[in-house]
Amino acid sequence: TADGPYYFYAGDGTDAGSADASNNTLLFTAESVAKEIYMAAARAGHDANYNVLEVSDSLFTYKIDMRGAQSGNEASHNTATFSKVYFRFYDNKNLLGADGYSKATYNALNVDDTHFGSFKASASLYGAQSGGEASNNTITLTNSDFTDITGDIVLVGATSKIKANDNAVSVDNTEFGVEGSNNIRGDVTLYAAQSTNGEGNNNTLTISNSSFFATGKVSLVGAVVIGTKADKNTVTVQNTSFDGATEIRGNYTNGAASNGVVTVMNSTFGGDTIIYSSDTEDGVASNGVVTVQDSSFSGKADIYGSFAEKEGGTATGGKVTVKGTSFAGETNICGNKTGKFGGTASNGNVTVQDSSFTVADGKFTEIYGSFMGNDTDGGTADGSITVKNATFDGAGKLNIYGSFSEFGDVFGVDVIVSTGEGKPKETGIKTSIYKRALETTYKLRTDSGRRLLSVIENNFYSFPFSFSAF
């Protein structure tokens, strides 16, 4: 009842300078607290390992900072668990698995059946944070909700200044805001890992059976890296709804972005949405894979496998698969995409099946295997597209290209129309579109050959043509 702040530690090794603090347990239950609280199972001047913080059946209505362990060196195998807790704050609140000054590994933050509400500031949840390596840390958030929050919501599996690998965030059956109320007035950010000066690899973010209703932007990323590389980071979203602007990325870095994976299933997107698997601002983007299945998009949708934002950048091996999905706004789907002014966009692949596209007058539906950005100047692009049982409706424009490298390029498409009830089937690939090789001089011996060449040169010249034109 006295004025705070209050400090709770099961083990304290800071008074001894460089002492360790390990195997301590702090249990906090059935309390109602209206004062400033700082709580940790252990704090240590050196290492803090195997400490446990458990908070349950309690109410907190003021500023808090709660963590499994605080270490001046390494923090490993610490756990902070919150169950049936009500956080109602008028100041910032922080929940943390562990903080290790030089290294944080195998720490966990578990939150279940917990309510975060009536915040006049921001909410931050971290599996671990470290000035050095942060690896194999986790956040598990289940059966919880966030309502009436003025600031931002941030969940990060691990944040590191050097290396953040093999971290995971799992969110299930959790509500971020209430439909129609816009009572989350800031941004919602969920990262499996974050590295501010190094690399981030093999991190996983999984969102299931949840909903996002925020005035600000929702960002879901496998790994955010300022440094050398982001590799094999994964985002999976299933049975989840998004009301506003949403961004989903497997890898997001200014270095090399490779082998990112984004999977979206049975989900709805009400605002403008971007989904990039391997996204780099200044490096090479490669082998990004996006799969979207049985979902719907009401706003603008940009879906790219590999995306190199830099002018003249390189994006390769991107793959996008869309099945059983509806698009009601302007849509851009690319296996690979680069910034403007040249570069390389190669080996892109897009498959669209059993999906529908409806776009208004003056808007576009664009599907590219590989796309080099506007105002291109040289460079190369190649890609492939497969479209099966898709419908395109509305007064907008439709562009479908295997590859797009320069404005002014001309493509030939052989259109086959059937008025019967036959169904298309795949057979062997047979070329039916040709183009005159202007650099070649033909010496034809037969009259029929010379007549054919004359018709091509007079009627088509450098444009592609189909057998159906004869």
Side-chain angles (χ1 to χ4, degrees), residues 220 235 237 242 245-251 257 260-279 285-309 313 315-340 345-360 363-374 376 381-394 396-405 409 411 413:
L220 311 178
V235 177
V237 178
F242 301 84
T246 304
E247 298 182 356
I248 302 175
R249 294 176 169 91
N251 303 315
V261 177
V262 175
T263 303
V264 176
M265 300 181 67
N266 300 304
S267 296
T268 60
F269 298 83
D272 293 347
T273 304
I274 66 171
I275 301 176
Y276 305 153
S277 186
S278 290
D279 182 9
S286 61
N287 302 319
V289 177
V290 176
T291 301
V292 179
Q293 185 169 343
D294 300 324
S295 298
S296 64
F297 296 80
S298 298
K300 181 180 178 182
D302 292 331
I303 303 175
Y304 307 150
S306 297
F307 183 29
E309 301 182 29
T316 66
K319 181 178 180 181
V320 176
T321 301
V322 177
K323 294 183 179 181
T325 295
S326 63
F327 297 86
E330 187 168 358
T331 303
N332 299 285
I333 301 176
C334 297
N336 300 312
K337 189 176 187 301
T338 71
K340 60 184 180 179
S346 62
N347 196 27
N349 179 271
V350 173
T351 298
V352 177
Q353 182 175 342
D354 302 320
S355 298
S356 63
F357 299 80
T358 303
V359 62
K363 302 296 182 180
F364 287 86
T365 294
E366 298 183 318
I367 303 174
Y368 302 97
S370 291
F371 180 89
M372 289 172 54
N374 299 345
T376 58
D382 65 82
S384 62
I385 293 174
T386 301
V387 179
K388 300 178 182 179
N389 302 322
T391 60
F392 301 88
D393 199 5
K397 297 181 179 181
L398 170 65
N399 294 324
I400 300 179
Y401 299 140
S403 61
F404 185 92
S405 58
D409 276 359
F411 297 82
V413 179

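For the pair A285 and A308, the tightest heavy-atom approach, listed with the atom from each and the gap, is CB-N, 4.0 Å. Considering all non-hydrogen atoms of both residues, S384 and N349 come closest at OG-ND2, 3.0 Å. For the pair S278 and N287, the tightest heavy-atom approach, listed with the atom from each and the gap, is OG-C, 4.3 Å.
In this structure a side-chain-to-backbone donor-acceptor pair under 3.5 Å is missing from S306 to Y304. S277 places a side-chain N or O within donor-acceptor distance of the main-chain N or O of V289, the cut-off being under 3.5 Å. With hydrogens and angles disregarded, no donor-acceptor distance shorter than 3.5 Å links the side chain of T386 to the backbone of T351.
Between T338 atom OG1 and E309 atom CD the span is 11.0 Å, to the nearest 0.5 Å.
Using cut-offs of 30° and 60° for the angle between ring planes, the Y368 and F371 rings count as tilted.
Counting only heavy atoms from C-beta outward, the side chains of V235 and R249 never approach each other to under 4.5 Å.
Residue V290 forms a side chain to side chain contact (heavy atoms under 4.5 Å, CB included) with just one option from T321, V264, I275, and that option is I275. Screening V320, I248, N251, I303 for a side chain to side chain contact (heavy atoms under 4.5 Å, CB included) involving V262 leaves a single residue, I248.
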Verdict with reasoning, V292 to F269, per side chain to side chain contact (heavy atoms under 4.5 Å, CB included): CA-CA 12 Å; V292 179; F269 298 83; over 6 Å; no
Take F357 and L398 through the test side chain to side chain contact (heavy atoms under 4.5 Å, CB included) and record every step on the way to the result. CA-CA 10 Å; F357 299 80; L398 170 65; over 6 Å; no
Evaluation steps, side chain to side chain contact (heavy atoms under 4.5 Å, CB included), between F392 and T365: CA-CA 9 Å; F392 301 88; T365 294; 4.2 Å; yes
Name every donor-acceptor pair, under 3.5 Å, that has one atom in a side chain of residues 324-336 and the other anywhere in the protein, sequence neighbours excluded.
| unit_1 | atom_1 | unit_2 | atom_2 | d |
| --- | --- | --- | --- | --- |
| T325 | OG1 | D294 | N | 3.4 |
| T325 | OG1 | S295 | N | 3.3 |
| T325 | OG1 | K323 | O | 3.0 |
| T331 | OG1 | G329 | O | 2.9 |
| N332 | ND2 | D302 | OD1 | 2.7 |
| N336 | OD1 | G318 | N | 2.7 |
| N336 | ND2 | S346 | O | 2.6 |
| N336 | ND2 | S370 | OG | 3.1 |

